[in-house]
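Step one of this worksheet: look at the structure below.
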Amino acid sequence: MPSIQRLGILTGGGDAPGLNAVIRAVVKSATNAGIQCVGLEDSFDGLIEQNRSRVLTPRDVTGILRLGGTILGTRNTGNPFEYPIATSDGTRDYSDRVIEMFHKMGLDALVVIGGDGTLAIAFEFCRRGIPIVGVPKTIDNDIVGTTNCFGFDTAVAFATDAIDRLHTTAEAHKRILVVEVMGRYAGWIALHAGAAGGADAILIPEIPFDLEKVAERLRERDRWGAKFSIVVVAEGAYPTGGKLSVVAEASAGRLERLGGMGALVCEALAALTGKETRSVVLGHLQRGGAPTSFDRVLATRFGGKAVELVRAGDFATMVAFDPPDIVARRLEDVVGKTKTVPPDYDLLRTARALGVTFGD
Ligand code: F6P
């Protein structure tokens with residue numbers, strides 16, 4: 001078994017509630033096992049630039065369990081293999097520099113906390129000899145191999161609360177309220193928050209929608225006297241034969257930014273139903289604030305398991321939730337894939353059975 005004495009830790013991609021809880025769990029359990037932790041700032045930038053790292057002791061992570069964001073900072077545009085250079089329109093490959101810095105800093109292994117993009121980068125470095133354990137993070141819950149990512153529960157809880165609040169105006173004014181949620185190309189947040197908030201229509205990327213079908217369901221509600229409706233729209237949802245609503249096209253090292261489908265749906269439903277209709281975009285509010293107790297526990301378990309894997313020398317792995325256990329997956333089995341809502345998912349079937357329309 002390799003002797004690990006110095007462990008680097010970084011957070012990459014978009015922030016998600018629970019990142020600090022993982023950092024805390026890693027630093028405390030590693031330190032208690034005699035391993036020194038080094039926090040790397042702003043994702044892989046901490047291994048590209050000098051002086052962008054610091055030793056983390058249990059003292060440094062005391063009190064961060066309940067905090068959103070990440071004490072290490074993060075970025076989703078810093079892929080070392082395709083690093084965007086401000087002064088030119090191209091990218092540069094800094095992967096050799098990362099490997100060199102890793103050795104120069106006397107690190108023996110890395111814990112990389114991130115979403116699909118960051119884990120794919122981690123896997124590339126594993127192939128080039130860096131011992132890494134990955135920890136899956138995303139509010140989108142779209143990482144293959146794990147039932148849950150931390151951050152998802154918090155995002156769903158926030159979106160559910162927002163839907164509850166929107167019910168007030170929807171009922172009082174007999175309006176249609178459309179709420180757009182995040183999730184990229186997966187409908188997990190929309191489906192779970194929609195189900196928890198009692199939405200009447202839920203539009204997700206996995207099921208292209210026909211707005212006439214949605215409108216007909218909402219008219220039906222009017223006929224039996226409901227008079228108001230709540231429509232949840234995933235940012236990645238799109239109409240049958242239509243396309244995604246993109247705010248900004250993909251650029252060097254950066255994915256396209258989705259958004260705006262909620263407003264389009266709102267406008268169309270107003271025309272189709274003749275009702276007063278309003279839309280709200282929850283946006284980054286879903287990523288902010290304190291993690292729920294579920295996410296704190298999951299993140300803590302992920303951090304503890306990551307250190308166990310480091311100590312066992314089980315690298316090129318990702319910790320994962322396979323209820324009731326926390327397990328290890330091979331990174332090669334999870335990167336480059338997206339976990340979308342399966343057509344036979346029981347919540348999908350149940351929502352349909354309860355009368356929720358998905359616009360199909
Ligand atoms: O992956 C998390 C996520 O919040 C997605 O739901 C969303 O599409 C994207 O990140 C937004 O990214 P940014 O913070 O770069 O706008």
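In listed order, ligands and their atoms are each counted from 1.
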To the closest 0.5 Å, what do you measure between CG (D142) and OH (Y185)?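 Reported value, rounded in 0.5 Å steps: 10.5 Å.
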Would you give the length of the straight line joining atom CD1 of I326 to atom CD of E308, rounded to the nearest 0.5 angstrom?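 Result: 10.0 Å between the selected atoms.
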Pair D314 + R330: basic N to acidic O under 4.0 Å: yes
Can a salt bridge be assigned to the pair R219 and E216 using a cut-off of 4.0 Å between side-chain N and carboxylate O? yes
Got the residues with a heavy atom under 4.0 Å of ligand 1, by chain and number? N76, I139, D140, M182, G183, R184, E235, R254, R257, H284, R287
Side chain E206, main chain V341, donor-acceptor under 3.5 Å: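 Present.
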Kindly list each side-chain donor-acceptor pair under 3.5 angstrom involving residues 124-137, sequence neighbours excluded, with atom names and distances?
{"from": "R128", "atom 1": "NH1", "to": "S95", "atom 2": "OG", "distance (Å)": "2.8"}
{"from": "R128", "atom 1": "NH2", "to": "D96", "atom 2": "OD1", "distance (Å)": "2.4"}
{"from": "K137", "atom 1": "NZ", "to": "G14", "atom 2": "O", "distance (Å)": "2.6"}

